[in-house]
Visitor: 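First the structure, then my questions, so here it is.
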Amino acid sequence: MHLQYFAATRENPMTEHKTLYAAYAATVEKALLALQTEGVLPADCSFANVAVEPPRDASHGDLATNAAMVLAKQAKTNPRALAESIAEKLDAEPSITSAEIAGPGFINLRLDPAAWLGELAAISDMGEGYGRSTMGEGRTVNVEYVSANPTGPMHMGHCRGAVVGDALASLLEFAGHKVTREYYINDAGGQVDTLARSAHLRYREALGEDIGDIPEGYYPGDYLKPIGEYLARELGDKYKEEPEEEWLPYFRAEAVEQMMALIKSDLALLGIHHDIFASEAALHAAGKPDEAEAWLRAHDLVYDGVLEAPKGKAPPDDWEPVELPLFRSTKFGDDQDRPIRKSDGKWTYFGADLAYHMQKAADADELIDIWGADHAGTVKRIKAAVAALSEGQGNPIPFDVKLVQMVQLMRGGEPVKMSKRSGNFITIADMIEEVGKDVVRFTMLTRKPEAQMEFDFAKVVEASKDNPVFYVQYAHARVKSTLRKAAEAGFAASAEDLAQLGEEEIALIRNAAQFPRIVESAAKAREAHRIAFYLYDLAAELHAFWNLGNDNPQKRFIVEQDAALTGARLFLADAIGQVIRNGLGVLGVDAVDSL
RNA sequence: GACCCCGUAGCUCAGUUGGAUAGAGCAUCAGAUUCCUAAUCUGAGGGCCGCGCGUUCGAAUCGCGCCGGGGUCACCA
């Protein structure tokens, strides 16, 4: 009945303000409701697809709505006829100076300039809160991201997913969700046994033994040396010659803890902090996978069956059919049913993972996973399992897996060579040391995550307009610099004479006023990169306005002989700076005061 | 072979709950510097939105089928 658009009320609980797009969306809704009362629109018609947006071409006016086109079919009339009725109602609004019908049935609205000046004041009043939304209605969203195996420092392969996940989490928070940032520690599989053995090797090394080259099947990186030294200090030679079963659990626990400390410090360099670090081993210990299996078996979603040979290529030499507990993922479009336990009775990754998702679902209204694209093949089975379990247990939960594509590292147009074999790869710490946190974060958000991207060290540090990070930061620095200069000359931002502002300034306000709706549409689409592109546009508009002053001193922010105009322009500059700051804040990028 | 992602200007990319004449940056060409930061800006040219069919008032956007590029196809994690 009510506009979906309005479920997302823009009212800020801290102030009386409603942002401009929200206010006029409400105005349009009011007109539609009136037409419903008059019988022009049917009582049961849905306004869900009605939008109030900026028109594509600024010459069409200030705002446009597609209401007539969306509702014509339901009203059993043609769009232009319905548009007449709607436009008539809107034209009666005092702040709407004209409502014109255009094209297939758009209604273009022109506003009294005071409406835009009012929005400018709202930006200033709401400050850091400008753009925040209550759209999420406090619903809890669990965003799981990074979840790198605790077997070494974070490297480039983890970076994009980390930034994308973190920015998405912030965006959802900004849009009114309660967000839990979660990291799943895979501390129960074979790879952490390998880690423990590798640590034991370094332990022996630290005790003076010549271990020679690191053998195949061990982690070779030097980052394990300090762990070996630490264990040697703590334990002496107690476990030097002992059989593996004597020391493995202890070494594993110690090594995982040290690796997680390393990973957390790497994440901190990126400005990333998780709320929950969930342990797979603890999940096993709590018997969660057993519970899930029991339920799935009772509902015939797990059965004992023979696993098919891998498809599309010759089966491995040692392939032999074996009976395992299989989840019926083929019922959900997967190629084959997937094992939840191995032949030795231990849980597969998938078996534990489905139980893990049920654990997350217990404390959240919605789940989002951020995964690397190399795991794309396992999306169907986990979505199937979560759907089966959550719906079957009476707690259906929206669950989305976002795949993040690979990043190709470049340096001056040439691919950067990395050798994982020797443990020689580019870590996140290396990268941040070279180009800085802000550059890494912003650059990772200048492409949609599901498209592959290149990251060129030479280009991203370039301080020019070709580099979006600097372009946006420069716009903010420019605002700050102007305010500093103005203060020295005895001017200050003032809302007293906003009516002095002309068409060019209002164009800038129009752009800034879009921030709240960009936030909502980005949050709805779960796409933080839209904020980055928006900020680039806003920065471009600010630079363009600035440069009007090159030719015409009367168009500068500071006009010495006109204090009223200067006060109003500074007020505008301050507000634009605020919006840029708010947007960068969502992305986790610092807004610098000078470059 | 199957599944997932991508295909938009010479290049790098935005733009999908279906909307008006498809947008930026780079590169190319023509301009702006006694100026609050020119680390910038103004303007011009440049497009069968990979191809075909369909859905409808309307498709870059949705569906089906192709073509091209990348990824994945363990009892691994």
Side-chain angles (χ1 to χ4, degrees), chain A residues 4 48-49 51 53 55-57 60 64 66 69-70 72-73 78-80 102-106 108 147 149 151 186 188-192 280 307 309-313 315-316 319 322 324 333-336 338-344 346-353 372-380 403-406 446-454 459 462-468 470-471 473-475 477-478 481-486 488-489 521 524-525 529-530 532-534 536-537 540 543-553 556-560 566 573 594-595:
Chain A
Q4 182 180 346
N49 291 327
E53 298 169 320
R56 180 167 299 241
D57 188 331
H60 291 150
N66 61 355
M69 290 180 292
V70 171
K73 195 171 279 178
N78 72 69
R80 292 197 63 109
F106 285 98
N108 292 325
S147 299
N149 285 338
T151 57
N186 300 132
Q191 83 286 358
V192 284
E280 183 186 356
L307 190 64
K311 292 185 176 171
K313 57 182 182 185
W319 174 263
V322 57
L324 293 168
D334 205 353
D335 292 347
Q336 54 181 279
R338 304 292 175 174
I340 61 169
R341 286 179 191 265
K342 307 182 214 174
S343 49
D344 64 4
K346 288 183 182 167
W347 296 103
T348 61
Y349 182 86
F350 172 60
D353 204 27
D374 51 343
H375 291 81
T378 65
V379 172
K380 272 187 183 164
L403 292 177
V404 174
Q405 288 288 336
M406 304 287 128
T446 53
R447 278 208 72 168
K448 55 187 173 191
E450 64 270 24
Q452 291 164 254
M453 82 180 295
E454 289 182 3
K459 282 186 190 161
E462 202 174 295
S464 75
K465 64 173 176 175
D466 305 353
N467 184 346
F470 280 84
Y471 191 79
Q473 286 192 320
Y474 181 44
R478 206 163 220 184
S481 146
T482 302
L483 293 171
R484 280 194 302 270
K485 298 254 177 190
E488 285 166 22
S521 63
K524 202 167 171 182
H529 73 276
R530 294 194 194 187
F533 282 95
Y534 166 74
Y536 185 84
D537 282 345
H543 290 310
F545 179 75
W546 174 280
N547 279 276
L548 293 175
N550 283 338
D551 297 328
N552 183 352
R556 293 181 193 165
F557 281 100
I558 301 169
V559 182
E560 295 279 350
T566 299
S594 61
L595 288 177

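Throughout, protein chains are lettered first and strands after them, A, B, ... in sequence-line order, and every chain is numbered starting at 1. For clarity, every value in this text was computed on a predicted model and none was experimentally measured.
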Visitor: Distance between the C1' atoms of U17(B) and U61(B), in whole angstroms?
Guide: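 My reading of the C1' atoms in U17(B) and U61(B) gives 11 Å.
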Visitor: Looking at A77(B), C36(B), A20(B), which one has an atom nearest to any side-chain atom of Pro55(A)?
Guide: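 Selected nucleotide: A20(B).
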Visitor: Closest nucleotide of RNA chain B for Arg484(A) versus for Val70(A): which of these residues is on the 5' side?
Guide: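 Checking each residue's closest nucleotide, the 5'-ward one belongs to Val70(A).
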Visitor: Side chain of Ile558(A), heavy atoms from C-beta onward: which of U37(B), C36(B), C75(B) has the nearest atom to it?
Guide: C36(B)
Visitor: Can you check the distance between U56(B) and G70(B), where both ends of the measurement are the C1' atom (answer in whole Å)?
Guide: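 U56(B) and G70(B) have their C1' atoms separated by 35 Å.
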Visitor: Please give, in whole Å, the distance from U17(B) P to Lys524(A) NZ?
Guide: 9 Å
Visitor: Pairing check on A20(B): which nucleotide meets the Watson-Crick or G-U wobble criteria with it, both distances under 3.5 Å?
Guide: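 Result: none.
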Visitor: For atom C1', what is the distance between G69(B) and C51(B), given to the nearest Å?
Guide: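 Here G69(B) and C51(B) have their C1' atoms 16 Å from each other.
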Visitor: Is a side-chain donor or acceptor of Thr566(A) paired with a backbone partner of Ile558(A) at a separation under 3.5 angstrom?
Guide: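 It does not hold such a pair.
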Visitor: For U12(B), does OP1 or OP2 lie under 4.0 Å from any side-chain N or O of Arg447(A)?
Guide: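 So the side-chain polar atoms of Arg447(A) never come under 4.0 Å of the phosphate oxygens OP1 or OP2 of U12(B).
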Visitor: Assign Gly190(A) to base, sugar-phosphate, or nothing according to its heavy-atom contacts below 4.0 angstrom with the strands shown.
Guide: sugar-phosphate
Visitor: Between G47(B) and C4(B), how many Å separate the two P atoms, rounded to a whole number?
Guide: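 My reading of the P atoms in G47(B) and C4(B) gives 35 Å.
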Visitor: Would you indicate what Asn66(A) reaches in the nucleic acid, counting non-hydrogen atoms under 4.0 angstrom: base, sugar-phosphate, or nothing?
Guide: nothing
Visitor: Scan Pro339(A) against the nucleic acid and name what it touches under 4.0 Å (heavy atoms): base, sugar-phosphate only, or nothing.
Guide: sugar-phosphate
Visitor: Partner lookup for U34(B), please. Criteria are Watson-Crick or G-U wobble with both distances under 3.5 angstrom; report none if nothing qualifies.
Guide: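 Base-paired to nothing in any strand shown.
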Visitor: Could you identify the nucleotide paired to U72(B), looking across every strand shown and requiring Watson-Crick or G-U wobble geometry with both distances under 3.5 Å?
Guide: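 When the pairing criteria are applied, A2(B) turns out to be the nucleotide that pairs with U72(B).
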Visitor: Could you please name the option among G25(B), A14(B), A77(B) that lies closest to any side-chain atom of Ala451(A)?
Guide: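 Among G25(B), A14(B), A77(B), the one nearest the side chain of Ala451(A) is A14(B).
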Visitor: Which of the following nucleotides, G69(B), C13(B), U16(B), is nearest to the side chain of Arg530(A)?
Guide: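 The answer is U16(B), which lies nearest to the side chain.
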Visitor: Applying a 3.5 Å limit to both distances, which nucleotide forms a Watson-Crick or G-U wobble pair with C48(B)?
Guide: none
Visitor: Between A20(B), C41(B), G15(B), which one does the side chain of Asn547(A) approach most closely?
Guide: C41(B)
Visitor: Classify Asn108(A) by what it touches in the nucleic acid, base, sugar-phosphate, or nothing, heavy-atom distance under 4.0 Å.
Guide: base
Visitor: Side chain of Lys380(A), heavy atoms from C-beta onward: which of A77(B), C36(B), C3(B) has the nearest atom to it?
Guide: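 Output: C3(B).
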Visitor: Look at Ser481(A) and U37(B) and indicate whether a side-chain polar atom (N or O) is within less than 4.0 Å of OP1 or OP2.
Guide: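 Answer yes for this pair, as a side-chain N or O of Ser481(A) is under 4.0 Å from OP1 or OP2.
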Visitor: Any strand counts, and the cut-off is 3.5 Å on both contacts for Watson-Crick or G-U wobble. Which nucleotide pairs with A39(B)?
Guide: none
Visitor: Using atom types as modelled and distance alone, determine if a side-chain donor or acceptor of Asp344(A) lies under 3.5 Å from a backbone N or O of Lys346(A).
Guide: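 It does hold such a pair.
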Visitor: Does Ala544(A) reach a base, just sugar-phosphate, or nothing at all? Heavy atoms under 4.0 Å.
Guide: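 Touches sugar-phosphate only.
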Visitor: Could you let me know what G58(B) is paired to, Watson-Crick or G-U wobble, both distances under 3.5 Å, or none if it's on its own?
Guide: none
Visitor: Side-chain N or O of Lys448(A) versus OP1/OP2 of G7(B): is the shortest distance under 4.0 Å?
Guide: yes
Visitor: Looking across every strand, which nucleic acid part, if any, lies under 4.0 Å from Arg478(A) by heavy atom: base, sugar-phosphate, or nothing?
Guide: sugar-phosphate
Visitor: Just name whichever nucleotide pairs with G25(B), Watson-Crick or G-U, keeping both distances under 3.5 Å, else none.
Guide: C11(B)
Visitor: Planes under 30° and centres closer than 5.5 Å, is that true for His375(A) with the base of G71(B)?
Guide: no
Visitor: Is there a side-chain contact between Tyr471(A) and the phosphate of C26(B), meaning an N or O under 4.0 Å from OP1 or OP2?
Guide: no
Visitor: Using the C1' atom in both, what is the distance from A24(B) to G43(B), to the nearest Å?
Guide: 16 Å
Visitor: Between His529(A) and Phe557(A), which has a closest nucleotide on RNA chain B that is more 5'?
Guide: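 This one resolves to His529(A).
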Visitor: Could you tell me how far U8(B) sits from G68(B) if I compare only their P atoms? Round to whole Å.
Guide: 16 Å
Visitor: Reckon Trp347(A) has a side-chain N or O less than 4.0 Å from the OP1 or OP2 of C75(B)?
Guide: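 Checking Trp347(A) against C75(B): no side-chain N or O falls below 4.0 Å of OP1 or OP2.
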Visitor: If you look at every strand shown and take non-hydrogen atoms under 4.0 Å, does Leu403(A) touch a base, only sugar-phosphate, or nothing?
Guide: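 The answer is sugar-phosphate, as Leu403(A) gets under 4.0 Å only of primed atoms, P, OP1 or OP2.
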